[in-house]
There are 2 protein chains.
Amino acid sequence: MSCPFASTERSRPQRSPKRVGFEREPIYAVVDEAPICHVGFTQPDGQPFVIPTIHARKGDTLYFHGSTQSRLLQAIASGNPICCTFTFLDGIVAARSAMHHSMNYRSVVAFGSGHLVTDEAERWEAFELTVEKLIPGRWENCRQPNESEAKVTAIAALKIEEASLKVRSGPVSDIASDLDGPYWAGVIPTEMKVLNPEPDPHLPQGSTTPDHIQALVKPC
Amino acid sequence: MSCPFASTERSRPQRSPKRVGFEREPIYAVVDEAPICHVGFTQPDGQPFVIPTIHARKGDTLYFHGSTQSRLLQAIASGNPICCTFTFLDGIVAARSAMHHSMNYRSVVAFGSGHLVTDEAERWEAFELTVEKLIPGRWENCRQPNESEAKVTAIAALKIEEASLKVRSGPVSDIASDLDGPYWAGVIPTEMKVLNPEPDPHLPQGSTTPDHIQALVKPC
């Protein structure tokens, strides 16, 4: 069994402590389900940036790919502190009172620092992990990178040092004196839907959608 | 007509310039449609944080609410530089080649600095804007804040100084020599669905869902 992350001044959300956890398994469930994350880094002049990007994970390491010229990749590779946030919206919480409106969500905030990956075997594994993260089963069903494509693609690894998961779920939490009020209350669930694939116009006529693509679809 | 934001070293994404725009109208369309954003700030020790939160907008100003003790609210109110990012995932792009896999997306990255709002009229307007942003029509259909609720809720305003919109849309962009290859290619669209409301168990029997709630639902 893996041990939980430490609860530190940095990683511990200050509000609603009951919603917060530090166990690796539920944290990584969110990281692995999230199609993207938002990476935060700070430039030398103190300006923070938040950039959405695709990630992959192996153990406590996140992998990011991009152009060798990318500001994001350079920031992760620099070794400076990084924050990486993974968020799902699960519902709109319509309370009777304005101030108890909320959202249901799952959100992981992870901290660490990165480096450029130069080992060719690890780079290749990161390519594969990234494609498989986007579409499980895809790596063996696409043309794998050639030498020149690999050359212009940087891989940065980020070791997760601390992380926390914050979750709000369940019904509205109005105060007792509002419960008999005249207002409707409830939760309006939200979710990310994956719709029917749109085949590329250049495919030969009669091409069928392969299983690994069809498996992505969450039908209504 | 409002003028576009300036394209600066800070606001100009370095990759794929054809995907980038600085016009206010499409930028604010994304900001207003996004149910949440990811706010980036840097602590004095250089550690960046990325926190998801609900926002509201009026003109070039974003409003954020929270506990007066909130790290996020304090960071925005501090006047230090902030980055605020709004992201939609519109599809998974399955190219024939591993390296041309991508996502369709719309993403706004906005920069500015904030302050604590102390004017009571502006605070009240921000409360209303925030509830209306979450659920249009809700402010007149819920119990509005009382004095003690308002007192413990801080409002921070962020003036947007610069912002850019980056969009990827449309089909896969494989290289010509891959088009006749054996691999399936296409786009698998994704979207945020709003599902049927779950009424609060404490509602009186026979309560009907009001129009302003039903209007949120995007049926399959």
Side-chain angles (χ1 to χ4, degrees), chain A residues 10 14-15 35 38 40-42 46-50 52 67 69-71 81 83 85 87 89 92 94 96-99 101 107 127 131 134-135 141-145 149 171-172 178-179 181 183-195 197-200 202-203 207 210 213 216 220, chain B residues 10 14-15 35 38 40-42 46-50 52 67 69-71 81 83 85 87 89 92 94 96-99 101 107 127 131 134-135 141-145 149 171-172 178-179 181 183-195 197-200 202-203 207 210 213 216 220:
Chain A
R10 176 172 69 167
Q14 295 157 305
R15 308 296 305 163
H38 283 80
F41 58 90
T42 303
Q47 175 66 56
F49 282 74
V50 178
S67 155
Q69 302 305 310
S70 148
R71 178 153 54 188
C83 179
T85 299
T87 307
L89 292 187
I92 301 164
R96 294 164 183 84
S97 61
M99 291 311 206
H101 279 68
S107 182
F127 294 156
V131 170
L134 192 65
I135 306 174
N141 285 287
C142 68
R143 179 179 64 70
Q144 294 176 13
E149 287 173 333
V172 299
D178 280 327
L179 290 182
Y183 303 112
W184 187 90
V187 173
I188 305 102
T190 57
E191 71 174 324
M192 175 65 72
K193 280 279 179 192
V194 180
L195 308 177
E198 297 169 353
D200 190 58
H202 294 287
L203 283 175
S207 294
I213 297 293
L216 297 171
C220 294
Chain B
R10 176 173 70 168
Q14 294 157 305
R15 309 296 304 163
H38 284 79
F41 58 92
T42 304
Q47 176 66 56
F49 283 73
V50 178
S67 156
Q69 302 304 310
S70 149
R71 179 152 55 188
C83 178
T85 299
T87 307
L89 292 187
I92 301 164
R96 293 164 182 84
S97 60
M99 292 309 206
H101 280 69
S107 182
F127 293 157
V131 171
L134 192 64
I135 307 174
N141 285 287
C142 68
R143 180 179 63 70
Q144 294 177 12
E149 287 173 333
V172 300
D178 281 326
L179 291 182
Y183 303 113
W184 186 91
V187 172
I188 305 102
T190 57
E191 70 174 325
M192 175 65 72
K193 280 280 182 192
V194 180
L195 308 176
E198 297 169 353
D200 189 59
H202 292 288
L203 283 174
S207 293
I213 297 292
L216 296 171
C220 294

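Sequence lines set the chain letters: A, B, ... in the order given, protein chains first and strands last, and positions in each chain run from 1.
The minimum heavy-atom distance between A:I188 and B:L216, with the atom names listed, is CD1-CD1, 4.0 Å. Residues B:Y183 and A:R143 share a closest heavy-atom pair of CE1-N, 3.3 Å.
Proximity to chain B involves both the backbone and the side chain of A:V172, based on heavy atoms less than 4.5 angstrom apart. Of the atoms belonging to A:F49, heavy atoms from both backbone and side chain fall under 4.5 Å from chain B. For B:Q144, the part lying under 4.5 angstrom from a heavy atom of chain A is the backbone only. Looking at A:E191, the atoms closer than 4.5 Å to chain B (heavy atoms on both sides) sit in the backbone and in the side chain alike.
Interface remark: of the candidates A:S207, A:P197, A:G181, A:P197 forms the most heavy-atom pairs closer than 4.5 Å to chain B. With chain B as partner, the option from A:I135, A:I92, A:V131, A:D178 having the largest number of non-hydrogen pairs under 4.5 angstrom is A:D178. Options A:S107, A:S70, A:A94 differ in how many heavy-atom pairs under 4.5 Å they form with chain B, and the most are formed by A:A94. Ranking A:G46, A:P199, A:G40 against chain B, the residue ahead of the rest is A:P199, based on heavy-atom pairs under 4.5 Å. Ranked by heavy-atom pairs shorter than 4.5 Å toward chain A, the options B:P189, B:S67, B:P35, B:P210 are led by B:P189.
In this structure, the side chain of B:T42 does not engage the main chain of A:T42 through any donor-acceptor pair within 3.5 Å.
Rounding to the nearest 0.5 Å places CE of A:M192 at 12.0 Å from NZ of B:K193. Note that the CG atom of B:L179 and the NE2 atom of A:H202 stand 5.5 Å from one another [nearest 0.5 Å]. With values rounded to the nearest 0.5 angstrom, B:H101 atom NE2 is found 5.0 Å from A:C142 atom SG.
Using a 4.5 Å heavy-atom cutoff, the side chains of A:L203 and B:R96 are in contact.
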